Amino acid sequence: IGNRANERRTVVLGFSLSAGNGSAVNVSAIKFRKVGVLSDSSVNGAYITRGGQVIGQYNSLSSGVIAFSGMSINLPAGQTVNFGLAIDVAGGLSAGNTVSFSVSGSDVTSSDASGNAIVAGGSAAGNIFTVTTVSNPSLASLTIASTSIANSVTAGTTGNIVGAWNFSVQ
């Protein structure tokens, strides 16, 4: 984890949820456990993502447990869906602090299509991340240049280019 102030949505754990062949499953709550020397206050936000989109935002973080509740994640019968746990990292962290996250079946609250509680199994544990600092912030640069385009648009046409830019990273 870089030590950039307000680093946003750093994915720290990938996990999958599966529904058996017999019924679709609805997941209403998940808890993730934090391990390492990174304090709870160093996490400014936590999210469950799917395909890069946020589908859940945490309700609380206390004693190293990130809780998501009031969700409605639907898993079709016989399907496995991949997700990510992403966090917002606070600025000003001490280099060398470490953190990882895990989830187990007992941390997942789910029910079948009839509303019956399901006892989930399995677990996932993420890599250990280490906070680091960079003493030379000019390690990379970004150059943005606009590209010339036409200056008129015919009403009613589609697919008109109204702006174009080139991004170069060094």
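Owing to the predicted nature of the structure, the values given are computational and were not obtained by experimental measurement.
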Note: S23 and A113 closest approach over all heavy atoms is OG-N, 3.1 Å

To the nearest 0.5 Å, what is the distance between OG (S28) and CZ (F68)? 13.5 Å

Which pairs with one or both residues in residues 70-79 pass side chain to side chain donor-acceptor pair (under 3.5 Å), sequence neighbours excluded? N26-S72

Of all pairs that satisfy side chain to side chain donor-acceptor pair (under 3.5 Å), the ones with a partner from residues 107-125, not counting sequence neighbours: R33-D107, S104-D107, D112-N116

Quick one: salt bridge (Lys or Arg N to Asp or Glu O under 4.0 Å) pairs with a partner in residues 96-106, sequence neighbours left out? none

Listed by chain and number, what are the side chain to side chain contact (heavy atoms under 4.5 Å, CB included) partners of S69, not counting sequence neighbours? A29, N59

Please name the pair of heavy atoms, one in G78 and one in N21, separated by the smallest distance, quoted to 0.1 Å. CA-OD1, 3.2 Å

Taken in chain and number order and not counting sequence neighbours, the residues that satisfy side chain to side chain contact (heavy atoms under 4.5 Å, CB included) with S39 are S41, S42

For S18, what residues pass the side chain to side chain contact (heavy atoms under 4.5 Å, CB included) criterion, not counting sequence neighbours? T80

Does anything in residues 85-110 pair up under ring-ring contact (aromatic ring centres under 6.0 Å, His included), and if so which pairs, sequence neighbours excluded? none

Residue set satisfying side chain to side chain contact (heavy atoms under 4.5 Å, CB included) with A124, at least two apart, ordered chain then number -> L13, F15, V103

Could you give me the CA-CA distance, side-chain angles and deciding distance for F129 and L38, then say whether side-chain contact (heavy atoms from CB on, under 4.5 Å) is met? CA-CA 10 Å; F129 292 88; L38 192 70; over 6 Å; no

Would you check if R50 and I73 make a side-chain contact, meaning some heavy-atom pair closer than 4.5 Å? no

Side chains of V12 and F32, heavy atoms from C-beta outward: is any pair under 4.5 Å? no

Using side-chain heavy atoms (C-beta onward) and a distance below 4.5 Å, is L17 in contact with V27? yes

From OG1 (T143) to CZ (F167), nearest 0.5 Å: 11.0 Å

Could you work out, with salt bridge (Lys or Arg N to Asp or Glu O under 4.0 Å) as the rule, every residue matching K34, not counting sequence neighbours? D40

Which pairs, with at least one residue in residues 69-87 and sequence neighbours excluded, count as a salt bridge (Lys or Arg N to Asp or Glu O under 4.0 Å)? none

Heavy-atom side-chain proximity of Y58 to L85 below 4.5 angstrom: no

Enter the distance from I144:CD1 to W165:CH2 here, rounded to the nearest 0.5 Å. 10.0 Å

Under 4.5 Å between side-chain heavy atoms, chaining through other members, with only Ile, Leu, Val, Met, Phe, Trp and Tyr counted: pull out the rest of the cluster around V119, sorted by chain and number. none

Other members of the hydrophobic cluster containing Y47, with the 4.5 Å side-chain heavy-atom rule, please. V54

